[in-house]
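Structure first, commentary second.
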Amino acid sequence: MVNTSAGILLYRVGADGPEVLIAHPGGPFWARKDDGAWSIVKGLPIEGEDMWTAARREFREEVGMDVPAGEHVELGTVTQRGGKIVTAFGVEADLDVSNAVSNTFEIEWPPKSGVMASFPEVDRVEWFGLAQAREKLLAAQHPFLDAVEAVVSAR
C-alpha cells in the first residue's frame with residue numbers, strides 16, 4: 001500500500017456549474033509551481049485502514065476540518081506518473097476553507113545544510129470551476145473531474 005493514496009474531491013454546484021476543492025502542495029519544491037501542480041486532498045492509508053477512512057483522515061490532516069456530512073461516490077482510480085495509485089471519493093458539499101490549516105512535515109532545508117525546516121503539507125486549498133481546475137490539477141487526476149461532471153450531469 002506504500003504506492004497507494006486515498007483522497008476526497010469535494011464538489012459543489014453553483015450558477016456557473018460544478019466547482020471542486022483542490023489543494024496546492026506545501027514546501028519549497030512546490031513554492032513556485034502552480035498550473036499542473038495541484039492535487040485532490042489525499043494521502044497514504046495506514047496499515048489495515050480502508051480507503052474511505054483513509055481519505056477522510058487525510059482530509060482532516062491536510063485541510064484541518066472534517067469532511068462535511070453527505071453521501072460519498074467513488075470517482076475511480078488513477079495511476080500517476082511516478083506510479084502512485086490514487087483512489088478518489090466525491091462528496092457534494094459547500095465548505096468555507098478560508099481558515100484551512102494543514103499538518104506539517106520536516107525536511108532538511110536548504111539541502112545539505114544540516115538545518116531541519118517545517119512546512120505545511122498543503123499550503124492552500126481553493127474552489128475552482130472545472131475548466132480552471134483542469135489547468136491547476138495534476139494531469140493524471142483529470143479523470144476525477146470527468147467523474148464529478150458525470151455525477152452532476154446524471155442528477
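The analysis underlying the following values was restricted to heavy atoms, covering all of them including side chains, and did not include hydrogens, waters or symmetry mates.
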Original post:
Hey, is the main chain of Pro110 close enough, under 3.5 Å, to the side chain of Ser113 for a donor-acceptor pair?
Top reply: yes
Kindly work out whether a path of hydrophobic side-chain contacts (I/L/V/M/F/W/Y, heavy atoms less than 4.5 Å apart) joins [X] to [Y].
{"X": "Trp38", "Y": "Trp127", "value": "no"}
{"X": "Val152", "Y": "Leu9", "value": "yes"}
{"X": "Val122", "Y": "Val91", "value": "yes"}
{"X": "Leu145", "Y": "Leu138", "value": "no"}

Original post:
Counting only heavy atoms not in Glu106, do more than 12 sit closer than 6.0 Å to its CD atom?
Top reply: yes
Original post:
Can you tell which of Ile40, Val41, Asp66 makes a side chain to side chain contact (heavy atoms under 4.5 Å, CB included) with Phe59?
Top reply: Val41
Residue pair [X] / [Y], side-chain heavy-atom distance below 4.5 Å:
{"X": "Ser102", "Y": "Asp123", "answer": "no"}
{"X": "Phe105", "Y": "Ser118", "answer": "no"}
{"X": "Val13", "Y": "Glu92", "answer": "yes"}
{"X": "Leu137", "Y": "Phe128", "answer": "no"}
{"X": "Trp109", "Y": "Val115", "answer": "no"}
{"X": "Ile8", "Y": "Trp52", "answer": "yes"}
{"X": "Glu61", "Y": "Arg57", "answer": "yes"}

Which pairs of donor and acceptor atoms, one on a side chain in residues 16-23, lie under 3.5 Å apart (sequence neighbours left out)?
unit_1: Glu19; atom_1: OE1; unit_2: Arg12; atom_2: NE; d: 2.6
unit_1: Glu19; atom_1: OE1; unit_2: Arg12; atom_2: NH2; d: 2.9

Atom pair [atom1] ([X]) and [atom2] ([Y]), whose distance is rounded to the nearest 0.5 Å:
{"X": "Glu121", "Y": "Asn103", "atom1": "CD", "atom2": "CG", "answer": "4.5 Å"}
{"X": "Ser39", "Y": "Glu62", "atom1": "OG", "atom2": "CD", "answer": "8.0 Å"}
{"X": "Leu10", "Y": "Leu95", "atom1": "CG", "atom2": "CG", "answer": "6.0 Å"}

Subject >> Under the salt bridge (Lys or Arg N to Asp or Glu O under 4.0 Å) test, residues paired with Arg124 that sit two or more places apart >> reply: Asp34, Glu126
What closest approach, in Å, do [X] and [Y] show between heavy atoms, and which atom pair accounts for it?
{"X": "Pro45", "Y": "Met51", "answer": "CG-SD, 4.0 Å"}
{"X": "Glu49", "Y": "Ala54", "answer": "OE1-CB, 3.4 Å"}
{"X": "Asn3", "Y": "Gly83", "answer": "ND2-O, 3.5 Å"}

Original post:
When you check the gap from the basic side-chain N to the acidic O, do Asp35 and Arg134 get nearer than 4.0 Å?
Top reply: no
Subject >> Stepwise side chain to side chain contact (heavy atoms under 4.5 Å, CB included) test for Val67 and Phe89 >> reply: CA-CA 11 Å; Val67 174; Phe89 300 93; over 6 Å; no
Please tabulate, for the side chains in residues 73-81, all donor-acceptor contacts under 3.5 angstrom to protein atoms that are two or more places apart in sequence or on a different chain.
unit_1: Thr77; atom_1: OG1; unit_2: Thr87; atom_2: OG1; d: 3.2
unit_1: Gln80; atom_1: OE1; unit_2: Gln141; atom_2: NE2; d: 2.6

**OP:** Begin with the C-alpha distance, continue with both residues' side-chain angles, and end with the deciding distance and a verdict on side chain to side chain contact (heavy atoms under 4.5 Å, CB included) for Glu58 and Lys42.
**Re:** CA-CA 6 Å; Glu58 285 292 333; Lys42 64 172 179 46; 5.8 Å; no
**OP:** Taking the six-membered ring for Trp and the single ring otherwise, decide whether the centroids of Trp30 and His24 are under 6.0 Å apart.
**Re:** no
